Amino acid sequence: MAIRKITEYPETVLGQVGKPVTEFDDALAELCADMYDTMYDAEGVGLAAPQIGLNLRLFVMDCDGVKLIAANPEIADTEGEQSGSEACLSVGKVPAVVARAMKVKLKAQDLKGDWFEHEAEGYAARCFLHETDHCDGKLFIDHLPKMRRDMVVKRFKKEKNWK
Ligand code: NI
């Protein structure tokens with residue numbers, strides 16, 4: 001187990017559509033263990049493979065009581081709407097309000113390659129959408145109007161320079 005380096009905006013891999021996970025072996029389990037280590041170290045609630053530089057459809061999460069590993073995630077169903085603050089480890093945790101579905105049904109494969117479905121509401125549903133977006137090369141700021149997106153990026157760059 002190891003903590004990996006987190007890729008940050010605007011690194012190319014964060015904008016790429018991930019390749020499907022095809023090998024459900026020990027290496028995948030080790031990779032997910034590293035992703036959990038990296039996520040907890042950064043005090044995040046979710047982490048997708050592109051965030052450690054891998055162009056792969058895979059994420060781990062531990063958010064609002066929902067802890068799971070999702071390979072080849074798909075959003076099977078959504079319902080309702082919520083509006084709330086969201087942030088990303090790849091954008092320096094600078095928050096912005098994003099509109100998302102309130103209820104989300106996630107379909108994905110586990111470490112053995114077995115398909116499962118998991119339904120969540122609220123914060124965990126938001127996490128499903130945020131992390132699945134990462135697998136599609138999309139960041140939460142892509143959901144923002146240009147002016148607000150620019151503000152988040154500006155603040156992120158500014159804070160990065162202070163470090
Ligand atoms: Ni993120």
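Numbering of ligands and ligand atoms starts at 1, following listing order. Computed from a predicted model, the values in this text were never measured in an experiment.
- Gln51 and Ser90 form a side-chain donor-acceptor contact under 3.5 Å, judged by distance and modelled atom types alone.
- With sequence neighbours left out, Asp150 forms a salt bridge (Lys or Arg N to Asp or Glu O under 4.0 Å) with Lys146.
- No hydrogens or angles considered: nothing links the side chains of His143 and Arg149 as a donor-acceptor pair under 3.5 Å.
- Listed by chain and number, Cys88 SG, His130 NE2, His134 NE2 are the protein N/O/S atoms closer than 2.8 Å to the Ni ion (ligand 1), with waters left out.
- The residues Lys105 and Glu79 are annotated as not salt-bridged, no charged nitrogen and carboxylate oxygen being separated by less than 4.0 angstrom.
- Asp110 contributes a side-chain N or O that, together with a main-chain N or O of Lys112, makes up a donor-acceptor pair within less than 3.5 Å.
- To the nearest 0.5 Å, the span separating CH2 on Trp115 from CD on Gln109 amounts to 4.0 Å.
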